[in-house]
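Each ligand, and each atom within it, is numbered from 1 in the order the structure gives. Everything quoted here is computed from the prediction, not taken from an experiment.
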Amino acid sequence: MTQATTLKEQARAPADQTQELTDGFHLVIDALKLNGLTTIYGVPGIPITDFGRMAQAAGIRVLSFRHEQNAGYAAAIAGFLTKKPGVCLTVSAPGFLNGLTALAHATTNCFPMILISGSSEREIVDLQQGDYEEMDQLAIAKPLCKAAFRVLHAADIGIGLARAIRAAVSGRPGGVYLDLPAKLFGQVMNADAGKKSLVKVIDAAPAQIPAPAAIKRALDVLKAAKRPLIILGKGAAYAQADEAIKTLVEKSGAPFLPMSMAKGLLPDTHPQCAGAARSTVLKDSDVVMMIGARLNWLLSHGKGKTWGEAPKTFIQIDIEPKEMDSNVEIAAPVVGDIGSCVTALIEGMGGNWPAAPADWTNAVKTKREENVAKMAPRLMNNNSPMDYHGALGALRTVIKERPDAILVNEGANTLDLARGVIDMYKPRKRLDVGTWGVMGIGMGQAIAAAVETGKPVLAVEGDSAFGFCGMEVETVCRYNLPVCIVVFNNGGIYRGTDVNSGGGSDPATTVFVKGSRYDKLIEAFGGVGVQAETPDELKRAVEAAMDSGKPTLINAVIDPAAGSESGRIGNLNPQSVLRKK
Ligand SMILES: Cc1ncc(C[n+]2csc(CCOP(=O)(O)OP(=O)(O)O)c2C)c(N)n1
Ligand SMILES: [Mg+2]
C-alpha cells in the first residue's frame, strides 16, 4: 500500500484489495517532482490545503503567502530567474482571481509561470447552481495567458502538466493556467498505471535556430552602419546566453543600451555602455540591433521625437516572429532563440569584423562622461530629509560593493531614479515592475529571488508601491529570508505635498499619513526595523542588514517635495485643452 492509500480509499476500492493505489493529490506532486518543479508559491484553502501539506511532506518547498497576488509575482520572477515555470497555487474563485494579475503580468513580460488553481464542481459550476466559490475559471483565464488547460481525470494529470510546462517555456515564454477541480485530487487509480501516466518533458524549450539568410542580412546591415546601437532587453537576460552576448557586443564595438532588467548583462560600467547617454544614442544612431527587446511604449514604439531625425534601420532578434514589424519596419528580422541567434551572428562576423566607427563611439563616450560627471555631486549630498539622489547614492555604493546581491525596485520616482543611479554588474540582478510598470511586485520578487538564488536581496520600494505588498514582510520573517527592504518614505504617490484642492478635510488623493514609520511593521514579526534620516545612516543600516542576512525594513525619510509627477513618465498623463491655462 502506498502512503496515498487511506483507509477510506481502501474501503472504496472494490475489486482487488491488494493492488497499490495512488490519487490525484500524489499524481500532481509526482508529476511536478518528475519535472524538477520543486518550489510552490501560494495561499492554502479549500480545495488545495491538503495538497500543500502533502507536497511539503514529499519534499517540495511550499511557501505560503498572505495574498495570492504576491505569491503569483514570486512565481513569475522565479520563472524569469530559472527558465523553469514558476508555480503558483491558489484556491478557487477569489484566490484564483487574486493570482490572475500575476499570471497576466507573467504573460506580458514573457516569464514562464504556471498558475495552478483548485476549482469547484464542474457539474454545478456549468449549470450555475451556486457552488462554493463558483466560477468558470478556465474561460476567465484564457485571454490572460498563453495557454489554459483543465484536467478532469487523474490519469490525465501527467499529460496536463506536460502541456502546461511546454506551453510556458517553449517559444516566447508566458503564463499558463492549469485548472484542477476539487474532485480530481481525490480520484484514485492503480499506482502503476498512475506512474506510467506521468510525463517527463524532454527538451521543453527546444533551440530555435535562425535561418542563415537572416543572419547574413542582419550582418550586412550592421556592417554598413556608421552609428550602430545595440539594445538589450530582458529577453536577452532571460536567455542566459551571457557570454555570447558579451562577445557579440564587444566584437561589434557598438554602444549598447540595457533596458531596465537587462542592466548588468554587461556591467553598467562597461566602456561601451550607453545607459548614461540614452537620449543621444536613440536620436543619433543609424542602425539599431534589438536583442530580446521590444519596440513597445518603453522605447516610444521606435518612432517620434525620442528617435530623432536620423533615419533608422532596425535589426531585431526575437523568438517570436510576430514581434517583427509590430511598430516600425524591421529591415533585418532574426527569428530564433537568443543564444542560437547571437552565436550564429558571432560566427558570421568572422575574425576581422571592423569595429564601430570611432567618431561615433567617442561622441557617445563624451556624452556619457558628461552626464555621469553632472550627476556625481548630487549623489554625494548628505541632506536630511534625504532627496532621492542622496539616498540612492548610498545604495549605489552598497550594490557596487556587493555585486552578487539582487536588487528589487518599484515605485515611480523611486523606480526611475534608482534605475539610472544604481549601476548593476552582473546579469539578472535587477528585478522590477516590468512591461506594465505594475506596483506591488516588490515583496513577491524579493522572496522568490532569495529562495531561488540564495543571494541577499535589497528591495528599494516607494512607500506607495510597498503598500501593495507590505503584509508579506511577515512572510519574509517567517521564512527568515536575507531580504533588506528600504521604503522610500516621501509620504505619498510621487510626492507627499499635495493638498485637497476642494478644500475639504480629506487629504489629497496622492498623500499618506505624515511621518509614518514603516520600520515598525517588521518589528511586529521579529524582524529588524530601522529609521534612517540621512544617506550615511541609510548606508550603515543597509550594510548591517546585508551582512547579517536578517530580515530588515529601513524607513528612509525622503523629502516629500523631492519627487515629480509620475517619475519620468509624466508625459503619459492625459491632458485636456480645457484645463490648460
Ligand atoms: C497595480 C498598480 N496600481 C497603480 C499604479 C499607478 N502608480 C504608478 S506609480 C504609483 C506609486 C508611486 O508612488 P511611490 O511608490 O511612493 O513612489 P514615489 O514616486 O513616491 O517615489 C502608482 C500608484 C500602478 N502602476 N500599478
Ligand atoms: Mg512615495
Side-chain angles (χ1 to χ4, degrees), residues 67-74 76-77 97-109 144 260 296-298 385-395 407-422 431-446 458-473 485-498 507-519 521 532 535 538 553-574:
H67 191 293
E68 291 86 352
Q69 196 169 98
N70 304 315
Y73 290 140
I77 209 66
L97 286 173
N98 284 345
L100 206 51
T101 311
L103 187 69
H105 160 81
T107 307
T108 299
N109 284 277
L144 298 171
S260 200
N296 57 19
W297 71 279
L298 286 155
M386 294 181 270
D387 60 25
Y388 285 91
H389 286 88
L392 290 169
L395 301 182
L407 177 70
V408 168
N409 188 201
E410 61 174 331
N413 293 280
T414 305
L415 175 88
D416 291 344
L417 295 171
R419 186 196 301 119
V421 169
I422 303 179
L431 311 174
D432 66 28
V433 297
T435 311
W436 271 347
V438 60
M439 295 299 112
I441 44 77
M443 293 304 100
Q445 289 191 344
L458 174 63
V460 180
E461 302 271 312
D463 51 347
S464 166
F466 177 70
F468 287 75
C469 54
M471 194 63 211
E472 303 297 345
V473 294
I485 304 153
V486 178
V487 175
F488 271 44
N489 187 355
N490 65 344
I493 296 174
Y494 315 139
R495 272 185 307 266
T497 50
D498 277 10
T509 55
T510 53
V511 304
F512 301 140
V513 169
K514 305 236 174 291
S516 47
R517 293 287 301 270
Y518 291 94
D519 50 314
L521 259 174
L538 176 61
L553 194 159
I554 302 163
N555 186 55
V557 182
I558 304 287
D559 179 353
S564 56
E565 179 89 357
S566 305
R568 287 269 165 89
I569 55 172
N571 60 311
L572 297 180
N573 284 303

Counting backbone and side-chain atoms alike, does Gly491 have an N/O/S atom under 2.8 Å from the Mg ion (ligand 2)?
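Short answer: no, not a single N, O or S atom is under the cut-off.
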At a threshold of 2.8 Å, where the distance has to be below it, does the Mg ion (ligand 2) have an N, O or S atom of Tyr494 nearby?
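Of the N, O and S atoms in Tyr494, none lies under 2.8 Å from the Mg ion (ligand 2), which means no.
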Going by the order shown, which atoms of ligand 1 are within less than 4.0 Å of some heavy atom of Gly462?
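Near Gly462, the atoms of ligand 1 are 14 (P), 15 (O), 16 (O), 17 (O).
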I want to know if ligand 1 touches [X] in the polar sense, i.e. an N/O pair below 3.5 angstrom.
X      : value
Val438 : no
Gly411 : no
Ala465 : yes
Arg495 : no

Looking only at protein heavy atoms, which one is nearest to [atom], and what is the separation?
atom                    : answer
atom 26 (N) of ligand 1 : Met439 N, 3.1 Å
atom 16 (O) of ligand 1 : Asp463 OD1, 2.6 Å
atom 17 (O) of ligand 1 : Ala412 N, 3.2 Å
atom 23 (C) of ligand 1 : Ser464 OG, 3.7 Å
atom 25 (N) of ligand 1 : Gly437 O, 2.8 Å

May I ask you to test the [X]-[Y] pair for a side-chain heavy-atom distance under 4.5 Å?
X      : Y      : result
His389 : Leu417 : yes
Ile441 : Ile77  : no
Asn409 : Thr414 : yes
Val473 : Tyr518 : no
Leu572 : Trp297 : yes
Glu461 : Val408 : yes

Is it the side chain (CB and beyond), the backbone, both or neither of [X] that lies under 4.0 Å from ligand 1, heavy atoms counted?
X      : result
Tyr388 : side chain
Phe468 : side chain
Thr414 : both

Are Tyr494 and ligand 1 in contact, using a heavy-atom cut-off of under 4.0 Å?
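Yes, Tyr494 has heavy atoms under 4.0 Å from ligand 1.
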Please confirm whether Gly492 approaches ligand 1 to less than 4.0 Å, judged on its heavy atoms.
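Under 4.0 Å: yes for Gly492.
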With distance as the sole test, does Glu472 use its side chain to make a donor-acceptor pair with the main-chain N or O of His67 at under 3.5 Å?
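Such a contact is found between Glu472 side chain and His67 backbone.
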Would you mind naming the N, O or S atom of Asp463 nearest to the Mg ion (ligand 2)?
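Output for this pair reads OD1.
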Report the C-alpha distance between Asn489 and Phe512 in whole Å, list the side-chain angles of each, state the deciding distance to 0.1 Å, and finish with yes or no for side chain to side chain contact (heavy atoms under 4.5 Å, CB included).
CA-CA 10 Å; Asn489 187 355; Phe512 301 140; over 6 Å; no
Given Thr435 and Asn296, is the side-chain hydrogen bond (donor to acceptor under 3.5 Å, both in side chains) satisfied, shown in steps?
CA-CA 9 Å; Thr435 311; Asn296 57 19; 4.8 Å; no
Least distance between heavy atoms, Gly567 atom then Tyr494 atom:
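Closest approach of Gly567 to Tyr494, heavy atoms only: N-CD2, 4.3 Å.
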Hey, could you give me the CG/NE2 distance between Leu100 and His105, rounded to the nearest 0.5 Å?
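With rounding to 0.5 Å, CG (Leu100) is 13.0 Å from NE2 (His105).
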